[in-house]
Amino acid sequence: MENVELIFEDKRYEFPKSTKVEEVIKVLNTKRKKIIGIALNGNLLDFTNTIEESGEVELITLDDDRAAKFYRHTLSHVMAQAVLRIFGDRVKLGIGPTIENGFYYDFDIPEGIKDEDLPKIEQEMRKIVKENLKVERFELPKNEAIKLMKEKGQDYKIEIIEEIPDEKVSFYKQGEFIDLCRGPHAPSTGLVKHFKLLSVSGAYWRGDERNPMLYRIYGTAFANKEKLDEYLKFLEEAKKRDHRKLGPRLGLFFINTEVASGMPIFPPKGMAVFNELMAFSREMHKKYGFVEVMTPMIMNQKLWKQSGHWDHYKENMYFTEKENTTYAVKPMNCPGHILIYKSSTVSYRDLPIRLFEFGRVHRYERSGVLHGLLRVRSFIQDDSHTFCREDQIEDEVVRIVNLISDLYKVFGFEYRATLSTMPEDHMGDEKTWEKATNALKNVLDDINLQYDVAEGEGAFYGPKVDFHIKDVLGREWQCGTIQLDFLMPERFELTYVGSDNQEYRPVMIHTAKYGSLERFLGILIENFSGAFPLWIAPVQVKLLPIADRHVEYSKTIVKKLEDAGIRTEIDDRQRKTGYKIREAQLEKVPYMLIVGDREMEDKKVAVRLRNGKDIGEIAVDELIENLKKEINEKLRNSVFE
RNA sequence: GCCAGCGUAGCUCAAUUGGCAGAGCAACUCAUUCGUAAUGAGUAGGUUGAGGGUUCGAGUCCCUCCGCUGGCUCCA
């Protein structure tokens, strides 16, 4: 019989091929407790798997990060088992995978699941954990597997089995519960004690809204109680940083949902932040060779028919009518920029032409998807369109990637890049799409930018590279985007004159860097929990005179700071200093300047930071110099720290 | 849009089984002139998201609509 050779902690072991992992662990392990599985050459295997290849083995104990894959998966089965016990056999199972920080399972239940059912299900789950059921695995040929699922009335499972290409499929069994599953799983239900069910929601079967809606229960689970509590506490803390709470409280924005859902309104403080963000983006665009333009908000629908929006984007557009003519409120800025390109004859010497606009766009979004500033119906994009020759694509895309990464660096944001390919609903032929997609792919590979591929997620006119940033709960939001487009130049018959005096077709690169300024601001609020870096803080300095007799001197300081271009306020109300400090701190004002008799005497100010640090007395000129440095260099921390 | 939950003063939250809508903070007035996270007293603030129904009586029970939250779908 064939043997396999395993290396474990520098020692060699031999086993007959196809030995069960459970047996291997018995031999390898002497003392370790709570072993949940192994990694063989980095692949996760549970107790029920067999060893089919030689290689290096690691034991995975419950506290190993990789253990979560095992016990969360098992918990989704435990949850399904509990649901079946409570609601009976008419429950049909959908899918039940692990996710970041937890797991879920989708159920088809005639009477539905309500929030109040969760404690009941959780209780039954704890019973199953207590029963400490052994988790077993078996394989069946597909036709027998289908027969088994038919007996159990599990229609959705049959659908899945039919699509599995392998000859055999695997099942996992614990007590009376059997589920089609690839694994891996914990060795028994007794090992997975620290969990909590979080919410119920609807989810279409296979994510398609033409399919029936199933009930999805989300849960979270960790290796020990401390980690579970820590995560639950994190969720609580995250709520406090939610931009939808913080933003209005800090006077940054609000949304009047009765009048205009998804259309944020910006009072002075929000506008101050907005202006800084725009000024910075403007500066960067200039540095990277873009020129700023402006185009109308409302244009004749025939423009949108020509661009392809009418055929592929109509559902997301707002329309208005006057004098028997239909106009569209722009959902994108590209057609406007195309008009600018077409307004003169372009020579190959003029290319690339890089047009840039802070364009306000309106897009109809279904009511259920709106989310504070992160998902709105009206927003400003720092949008640009580069018109260039095909041989210039690479340079231009690299230029934009650099611009985006320079921009994000200042905020300290990490991003994830994705390459989105041709969607179902698209313009143009597949050959053009392939050309465009490969062009983008080549650039990304050349500059060594890591990315995931998002199949079918491209824009209707071309493939794109998106930059995603996380919010406070770890949800990712698409911000920057680079879209390569061979099709709109075609539809608008854009041309340039080559050196041979012939006409050629340019290529368009659509991009947004922040993406939507609204969305970017929302993410900023959450990431800094409202305590912005000095350069974007709406109020940068607040004067806090101790008594009325200090107000006049304080106002001379306000004047000095304002003259230096620093956004300054004074709190000259008749309140105690402690009260004023508390308020300024809750407003997250970066610098509080306290002025009393001592400071007036010394011709100085006492500086306090919003984190509570007392910097002591400083001369105003020296303070201004330091603040200017902090602002100009866009530092994220105080120069006094 | 779909599934589930929620909607009381500007904000945070109370209101036994259906039985007189209330508190803190904020606002306003007055007093207080105060040193690193809340000075005191007083005043005002509401068609309980909207509309309909059941009832002697509805914030509370039922229906419809609007909005929000978590997901799904869609997307910057």
Side-chain angles (χ1 to χ4, degrees), chain A residues 104 106 112-118 198-218 239 242 244-245 248-249 254-259 261-262 313 315-316 331-332 361 363-377 379-383 420 423 457 459 464 466-469 473 475 477-481 483 510-520 522-523 544-551 573-586 592-599 606-610 612-616:
Chain A
Y104 68 80
D106 289 346
I113 298 177
K114 298 195 180 74
D115 273 3
E116 58 201 55
D117 295 324
L118 291 187
L198 295 178
S199 62
V200 182
S201 60
Y204 300 107
W205 169 239
R206 313 208 119 186
D208 190 327
E209 61 186 325
R210 290 166 300 196
N211 287 337
M213 182 162 270
L214 310 181
Y215 291 88
R216 173 173 298 177
I217 304 179
Y218 282 93
K239 266 188 215 159
D242 190 327
R244 292 167 301 180
K245 281 280 181 207
R249 208 195 83 204
F254 63 89
I255 298 172
N256 187 327
T257 57
E258 299 290 316
V259 177
S261 283
Y313 207 74
E315 295 308 311
N316 288 293
M332 296 186 194
V361 295
R363 299 180 184 177
Y364 167 74
E365 297 284 353
R366 302 210 264 183
S367 58
V369 306
L370 300 176
H371 183 97
L373 290 180
L374 297 184
R375 190 72 187 276
V376 294
R377 287 175 174 160
F379 58 101
I380 293 181
Q381 288 181 309
D382 54 344
D383 200 358
S420 300
E457 299 289 315
K464 56 178 186 159
D466 291 328
F467 298 79
H468 308 259
I469 306 179
L473 279 172
R475 292 176 292 212
W477 296 90
Q478 184 188 321
C479 292
T481 181
Q483 310 171 343
H510 309 236
T511 78
K513 292 85 204 174
Y514 288 131
S516 135
L517 271 95
E518 280 76 357
R519 174 174 290 180
F520 202 83
I523 288 176
L544 308 178
I546 285 172
D548 284 350
R549 64 179 177 281
H550 309 121
V551 169
R573 294 174 302 174
Q574 295 180 359
R575 306 296 302 244
K576 284 184 148 182
T577 309
Y579 180 90
K580 294 182 183 180
I581 286 173
R582 180 186 148 80
E583 245 184 29
Q585 200 136 330
L586 290 174
M592 286 161 247
L593 305 186
I594 294 142
V595 174
D597 292 337
R598 287 200 298 272
E599 288 75 17
V607 179
R608 183 194 161 101
L609 306 184
R610 61 186 155 194
K613 272 195 192 136
D614 187 352
I615 304 300

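In what follows, every chain begins at residue 1, and chains take the letters A, B, ... in the order their sequences are listed.
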Please figure out whether A:Ile113 or A:Gly207 has its closest RNA chain B nucleotide nearer the 5' end.
-> A:Ile113
Listed nucleotide nearest any side-chain atom of A:Arg363, set B:C34, B:C75, B:G1 = B:C75
Residue A:Gln381, side-chain atoms from C-beta onward, closest of B:U36, B:A76, B:U73 = B:A76
So does A:Lys245 get a side-chain nitrogen or oxygen closer than 4.0 Å to the phosphate oxygens (OP1/OP2) of B:U12?
-> yes
Which is true for A:Arg375 with a 4.0 Å heavy-atom rule: it touches a base, it touches only sugar-phosphate, or it touches nothing?
-> base
How would you label the contact of A:Ser367 with the nucleic acid (heavy atoms, under 4.0 Å): base, sugar-phosphate, or nothing?
-> base
What nucleic acid atoms does A:Ala584 come within less than 4.0 Å of, heavy atoms only: base, sugar-phosphate, or nothing?
-> nothing
Are OP1 or OP2 of B:G70 and a side-chain N or O of A:His371 less than 4.0 angstrom apart?
-> yes
Sugar-phosphate, base or nothing in reach of A:Gly202, heavy atoms under 4.0 Å | base
Any A:Lys580 side-chain nitrogen or oxygen under 4.0 Å from OP1 or OP2 of B:C34 | no
Taking atom C1' in both B:G5 and B:A9, compute the distance separating them and give it to the nearest angstrom.
-> 24 Å
Is the phosphate of B:C66, meaning OP1 or OP2, less than 4.0 Å from a side-chain N or O of A:Thr257?
-> no
Is there a side-chain polar atom (N or O) of A:Tyr579 under 4.0 Å from OP1 or OP2 of B:A26?
-> yes
Counting just side-chain N and O atoms, does A:Arg608 come under 4.0 Å of either OP1 or OP2 of B:A37?
-> yes
Between B:U17 and B:U39 - C1' atom distance, rounded Å | 44 Å
With a non-hydrogen cut-off below 4.0 angstrom, is A:Asp466 in contact with a base, only sugar-phosphate, or nothing?
-> nothing
Distance-only, no hydrogens or angles: does the A:Glu365 side chain make a donor-acceptor pair with backbone N or O of A:Val376 under 3.5 Å?
-> no
Rounded to whole Å, CD1 of A:Ile581 lies from C1' of B:A38 at a distance of 12 Å
Sugar-phosphate only, base, or nothing, as touched by A:Tyr514 at under 4.0 Å among non-hydrogen atoms = nothing
Check every strand shown and say whether A:Lys513 touches a base, only sugar-phosphate, or nothing at a heavy-atom separation below 4.0 Å.
-> nothing
Which whole number of Å gives the distance between the C1' atom of B:U64 and that of B:U73?
-> 26 Å
Closest nucleotide among B:C74, B:A37, B:G70 to the A:Leu586 side chain | B:A37
Does A:Val607 or A:Tyr218 map to a spot on RNA chain B nearer the 5' end, using the closest nucleotide for each?
-> A:Val607
Considering only heavy side-chain atoms of A:Lys114, the closest of B:U39, B:G5, B:C3 is B:G5
Touch class at under 4.0 angstrom, heavy-atom based, for A:Leu198 against every strand present | nothing
Just compare B:A37, B:C75, B:C34 and give me whichever is closest to any side-chain atom of A:Arg519.
-> B:C75
Sticking with atom P, work out how far B:A26 lies from B:G67, rounded to a whole angstrom.
-> 34 Å
Per atom distances to the A:Ala203 side chain, the nearest of B:C66, B:G35, B:C72 is B:C72
Which is true for A:Asp548 with a 4.0 Å heavy-atom rule: it touches a base, it touches only sugar-phosphate, or it touches nothing?
-> base
Rounded distance in Å between the P positions of B:U60 and B:A21 | 13 Å
With P as the reference atom in both, quote the distance from B:C75 to B:C63 in angstrom, rounded to an integer.
-> 35 Å
Proximal nucleotide (of B:G35, B:A76, B:U33) relative to the A:Gln574 side chain = B:U33
Indicate, with a heavy-atom threshold strictly under 4.0 Å, whether A:Val376 touches base, sugar-phosphate, or nothing.
-> base
Which part of the nucleic acid does A:Glu599 contact within heavy-atom distance under 4.0 Å: base, sugar-phosphate only, or nothing?
-> base
Base, sugar-phosphate alone, or nothing: which one does A:Gly596 contact when heavy atoms must sit under 4.0 Å apart?
-> base
So what does A:Arg377 touch, heavy atoms closer than 4.0 Å: a base, only the sugar-phosphate, or nothing?
-> nothing
Is the ring of A:Phe379 stacked on the base of B:A76, with centres less than 5.5 Å apart and planes under 30° off?
-> yes
Distance test, side-chain N/O of A:Arg573 to OP1/OP2 of B:A27, below 4.0 Å = yes
Among the nucleotides B:U36, B:U33, B:G71, whichever has the atom closest to the side chain of A:Ala547 is B:U33
At under 4.0 Å between heavy atoms, what does A:Arg475 touch on the DNA or RNA strands: base, sugar-phosphate, or nothing?
-> sugar-phosphate
Between A:Ile594 (CD1) and B:A37 (C1'), how many Å, whole number?
-> 11 Å
With the side chain of A:Glu365 defined as its heavy atoms from C-beta on, choose the nearest nucleotide among B:C72, B:G35, B:C74.
-> B:C74
When rounded to the nearest Å, what value does the distance between P atoms of B:A44 and B:C56 take?
-> 37 Å
Is there a donor N/O on one and an acceptor N/O on the other, under 3.5 Å, for the side chain of A:Glu315 and the base of B:G1?
-> no
No-H, no-angle donor-acceptor pair, A:Arg582 side chain to B:U36 base, under 3.5 Å = no
Candidate nucleotides B:C68, B:G35, B:U39, ranked by approach to the side chain of A:Leu370 - the nearest | B:C68
Side-chain N,O (A:Arg575) to OP1/OP2 (B:A38) below 4.0 Å | no
Would you say the side chain of A:Tyr215 and the base of B:G71 hold a donor-acceptor pair, judged only by whether the two atoms sit under 3.5 Å apart?
-> no
Stems field, RNA chain B, Watson-Crick or wobble, 3.5 Å, at least 3 pairs, by first number, holds B:1-7 with B:66-72, B:10-13 with B:22-25, B:27-31 with B:39-43, B:49-53 with B:61-65
Check whether any side-chain N or O of A:Arg573 sits under 3.5 Å from a backbone N or O of A:Lys580 as a donor-acceptor pair, and report yes or no.
-> no
